[in-house]
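Heads up: the structure comes next, in structure tokens.
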There are 2 protein chains.
Amino acid sequence: MKSCRAREEGAAVGRRGVTGIASRGVNITQVARAAGVGTGTVSRVLNDSANVRPTTRARVLEVIERLDYHPSRLASGLSRGSPRTVAIVVPFMTRPSVVERLAGAISVLDEHGYDTVVLNVETAEQRDRHLKSLTARHRADGVVVLSIPIPATFLAAFRKARIPVVLVDTEAPGLPRTIADDARGGRLATEHLIALGHRRIGFVGDLGFEGIGNHSTRQRFSGYRAALQAARIPYDGALVRQGSHSAATSSLLAEELLGLADPPTAIFAISDTQAIGVLAAADRMGVEVPGDLSVVGYDDVEAAALLGLTTVRQPLKESGARGAERLCLLLRHERVRPLREELPLEIVARTSSAPPAAGAGTVRAAGGGSAGRQNAFGTSGDHERRVRGEHRQLLSEQPELHRLAAER
Amino acid sequence: MKSCRAREEGAAVGRRGVTGIASRGVNITQVARAAGVGTGTVSRVLNDSANVRPTTRARVLEVIERLDYHPSRLASGLSRGSPRTVAIVVPFMTRPSVVERLAGAISVLDEHGYDTVVLNVETAEQRDRHLKSLTARHRADGVVVLSIPIPATFLAAFRKARIPVVLVDTEAPGLPRTIADDARGGRLATEHLIALGHRRIGFVGDLGFEGIGNHSTRQRFSGYRAALQAARIPYDGALVRQGSHSAATSSLLAEELLGLADPPTAIFAISDTQAIGVLAAADRMGVEVPGDLSVVGYDDVEAAALLGLTTVRQPLKESGARGAERLCLLLRHERVRPLREELPLEIVARTSSAPPAAGAGTVRAAGGGSAGRQNAFGTSGDHERRVRGEHRQLLSEQPELHRLAAER
DNA sequence: TTCCAGGGCGGAACCGGTTCCATGAAGTCG
DNA sequence: CGACTTCATGGAACCGGTTCCGCCCTGGAA
């Protein structure tokens with residue numbers, strides 16, 4: 001008892017006495033005392049729970065106002081057992097498509113009264129560190145994972161720690177996920193070009209978030225291939241390029257494609273960012289769009305409309321919002337149906353795509369000097385792999401990516 | 001005592017018994033018991049504090065590992081009096097320049113072990129709600145405010161609640177702030193064009209974040225005017241346009257400018273996003289860049305380099321990082337000097353700017369039909385205000401903005 | 001051998017809410 | 001008019017760490 005008293009005085013002097021005012025930290029006890037009620041009643045008022053007489057409630061509210069009392073988030077979180085916080089794990093948050101999703105999610109979580117902690121991930125090490133930290137008790141009520149696959153270890157850890165997880169733009173069995181069908185998107189883009197009459201269609205992709213990101217590139221590529229196959233257009237690996245996800249890089253890749261002896265008449269880029277790079281390359285090389293080259297992007301970011309870029313639109317902001325909503329359902333222990341939710345895709349035709357110029361594409365490709373090349377880099381699977389290392393990842397299990405991940 | 005016991009049993013059945021396992025929520029007491037030590041010792045091990053015998057430490061660590069114990073963030077935060085969390089208030093987080101700053105800040109805070117809560121603001125009401133919530137106890141250890149001015153009421157509230165605040169890209173007296181001199185940036189851009197020989201220089205701005213954002217537009221505009229004045233070029237209000245901060249809008253504004261009887265030979269846009277809109281407009285109208293029109297943007301986002309856009313570069317990511325670092329200093333009670341920190345600006349000349357075509361610009365502007373205009377919309381303050389409502393905001397107290405804010 | 005300093009450590013008090021139980025008062029029913 | 005709800009309320013226990021006090025033990029000085 002004595003020590004207790006001594007300590008209280010010490011605290012008063014050491015922590016609060018510095019300012020000479022004891023006003024630092026009004027707490028619920030002080031409010032209760034000032035209002036002449038018990039702490040329980042104050043708590044009931046704070047939480048709008050029933051069974052508080054209106055006059056009492058008014059009196060307490062008045063005191064709260066007068067003392068400028070703000071309840072401690074930590075304390076209420078601790079006793080309630082929930083921090084009222086959601087964590088969002090997201091790779092490369094500065095990318096336009098990613099930040100749109102992120103903003104959509106934050107906005108919904110905010111409406112539901114959750115704080116949002118953003119965990120930005122740019123390396124596998126960072127990803128693991130953040131995922132690991134999330135299984136700690138009272139770290140977050142739930143987790144939204146955007147555009148990044150989660151290693152199975154962590155999935156298990158989340159399950160064990162009973163932390164609700166929802167996925168957006170990435171998949172894992174058993175978890176609620178909101179996705180768009182990237183393979184279908186790739187097919188839509190390619191089919192659009194085929195319908196316009198193109199037969200030599202290039203592909204510009206990224207490296208799959210440099211070892212940590214999702215598989216959208218691979219899937220969009222498979223859609224590209226499926227569309228070609230359906231149209232009986234032989235696949236030409238020489239028309240496929242990959243590089244880091246930046247307009248600058250894709251611009252160089254497009255230059256390579258356009259510099260081929262038998263260049264493509266159309267290019268499908270895996271994102272609008274990269275499509276813009278393609279447009280820039282065409283501009284630099286004096287290749288007319290859409291006269292000499294059609295370009296299709298992906299995402300329909302704001303700049304796409306402005307540049308007249310034909311693109312595959314996916315609801316970015318909405319995907320984040322949906323993920324957040326579904327997490328909120330989960331947190332209220334409501335059913336989340338369907339577990340796997342697919343958002344619509346649509347091709348938005350603008351001025352960057354048009355039928356190929358007469359004599360270009362199939363016709364030109366069929367004869368003339370380019371024929372030799374076409375033979376050399378023909379359509380048989382055997383040959384595909386020989387053509388430039390950059391696109392081998394798409395065809396095999398992406399060894400480069402695995403290597404990158406392992407190095408980290 | 002009896003009730004206590006009864007309750008404990010109830011809890012065991014009700015909360016943990018559901019799963020049949022009591023493993024939900026290993027806490028420090030259980031760890032202490034399992035390791036045969038006191039809770040204090042476990043805490044000392046967790047916090048790497050001295051005075052723990054190596055053998056004891058090892059034993060505790062082993063138990064922690066075995067029980068898969070993760071300390072509760074809420075509990076440690078509560079007893080320590082700090083949530084180890086920083087809040088970032090940011091307007092329109094999806095804008096490229098903003099998200100760069102945000103990412104820079106998050107990255108630094110992460111390194112320092114702070115969680116980052118992102119509060120995205122798109123309306124004045126949202127801003128006020130978020131700012132108000134931040135003065136609550138244990139909400140955040142500190143606040144970084146990006147690109148948005150804080151009303152004085154909230155500044156006072158933060159001071160009273162003793163919550164450290166640092167500003168980035170916005171100013172307030174007495175607070176640590178990291179900024180770039182927007183007026184100087186506007187001057188740099190304009191001087192660059194003047195040095196190339198331009199004399200009819202248009203200005204395309206936004207509406208200052210629609211009522212909640214910072215004053216950068218106004219300051220860049222003042223830099224623009226200062227540069228004109230220094231070069232003794234009469235200010236022509238007809239060459240100034242403002243609209244919402246989007247490439248689509250700026251594109252329309254640029255069309256208006258280019259459609260003038262005496263169009264500008266150069267346009268300074270207050271962001272790269274808006275400059276891209278200008279480029280698109282020029283493209284649509286068949287105006288050659290830089291032959292017929294020079295364009296200068298601001299920020300130097302990634303797309304700028306690709307498009308060959310001349311721009312004013314400011315260190316975006318770094319500004320956020322600096323702000324975060326300074327907040328961390330503050331949180332460690334170290335001195336933050338200087339309070340007002342200015343980051344460097346530089347003009348990056350690319351291919352979107354060049355000397356005006358012979359006969360254009362100064363020559364044409366000096367005589368001919370435009371003379372009358374020039375007189376009508378001359379440099380006297382009296383006349384400026386008459387020219388189109390859109391740019392009046394820049395000169396007066398921005399009544400439109402206030403109205404917008406009030407409506408929300 | 002005695003005394004003292006100080007390291008190692010257990011555990012109570014505490015951070016500030018929430019929740020449940022007990023209590024008393026007011027209201028209802030027979 | 002008494003027994004039985006029902007409602008409003010005070011307050012203790014609790015959430016799970018941190019910290020400080022004080023005890024014990026060891027080693028060095030006297």
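Chain letters run A, B, ... following the sequence lines, proteins first, then strands; residues in each count from 1. Note that these values count all heavy atoms, side chains included, but never hydrogens, waters or copies made by symmetry. Computed from a predicted model, the values in this text were never measured in an experiment.
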Between the first and last five pairs of the helix from C:dT1-D:dA30 to C:dG30-D:dC1, the angle of the axes, rounded to 10 degrees: 40°
Rounded distance in Å - CG (A:L46) to P (C:dT18): 6 Å
side-chain N/O B:T41 vs C:dG10 OP1/OP2, d < 4.0 Å: yes
B:S147 and B:D169: CA distance, side-chain angles, deciding distance, side chain to side chain donor-acceptor pair (under 3.5 Å) verdict: CA-CA 5 Å; B:S147 305; B:D169 190 35; 2.8 Å; yes
5' priority, DNA chain C, between B:A75 and B:G40 [closest heavy atom]: B:G40
Side-chain donor-acceptor contact under 3.5 Å, A:T170 with A:R177: no
Whole-Å distance separating the OH atom of B:Y69 from the P atom of D:dG16: 9 Å
A:S319 side chain to A:R101 side chain, donor-acceptor N/O pair below 3.5 angstrom: yes
Residues in contact with DNA chain C, drawn from residues 53-65 of chain B - heavy-atom cutoff 4.0 Å: B:R53, B:T56
B:T135 side, atom OG1; B:R159 side, atom CZ - distance, nearest 0.5 Å: 13.5 Å
N/O donor to acceptor pairs below 3.5 angstrom from side-chain atoms of residues 53-61 of chain B, sequence neighbours left out:
unit_1: B:R57; atom_1: NH2; unit_2: B:S49; atom_2: O; d: 3.2
unit_1: B:R59; atom_1: NH1; unit_2: B:A35; atom_2: O; d: 2.6

Spacing of B:I28 atom CD1 relative to D:dT18 atom P, expressed in whole Å: 6 Å
Options C:dT19, D:dA8, C:dG7, nucleotide nearest the side-chain atoms of A:S43: C:dT19
Min side-chain heavy-atom separation B:L109-B:I88 under 4.5 Å: yes
Steps toward salt bridge (charged side-chain N to carboxylate O under 4.0 Å, His left out) verdict (A:D110, B:R129): CA-CA 11 Å; A:D110 183 35; B:R129 184 167 54 79; 3.0 Å; yes
Proximity to the side chain of A:V37 - top-ranked nucleotide from C:dG17, D:dG10, C:dC15: D:dG10
Whole-Å distance separating the CZ atom of B:R80 from the C1' atom of C:dC14: 15 Å
Between C:dG17 (C1') and A:R73 (CZ): distance, integer Å: 13 Å
Rounded interatomic separation in angstrom, taking NE2 from A:H138 and C1' from D:dC15: 7 Å
Whether over 12 other heavy atoms sit under 6.0 Å from A:E334 CD: yes
Heavy-atom donor-acceptor pair, B:R44 side-chain to C:dG10 base, under 3.5 Å: yes
Phosphate OP1/OP2 of D:dA8: any A:N51 side-chain N/O under 4.0 Å: yes
Whole angstrom value for the distance that separates P of D:dT18 from CG of A:L74: 13 Å
Close side-chain approach of A:V166 to A:L175, heavy-atom, < 4.5 Å: no
Residue pair A:V143 / A:P164, side-chain heavy-atom distance below 4.5 Å: no
Below 4.0 Å: OP1/OP2 of D:dG17 and any side-chain N or O of B:N27: no
Euclidean distance, atom CG of residue A:L78 to atom P of C:dT18 [Å, nearest integer]: 11 Å
Touch class at under 4.0 angstrom, heavy-atom based, for B:T39 against every strand present: base
Touch class at under 4.0 angstrom, heavy-atom based, for A:V42 against every strand present: nothing
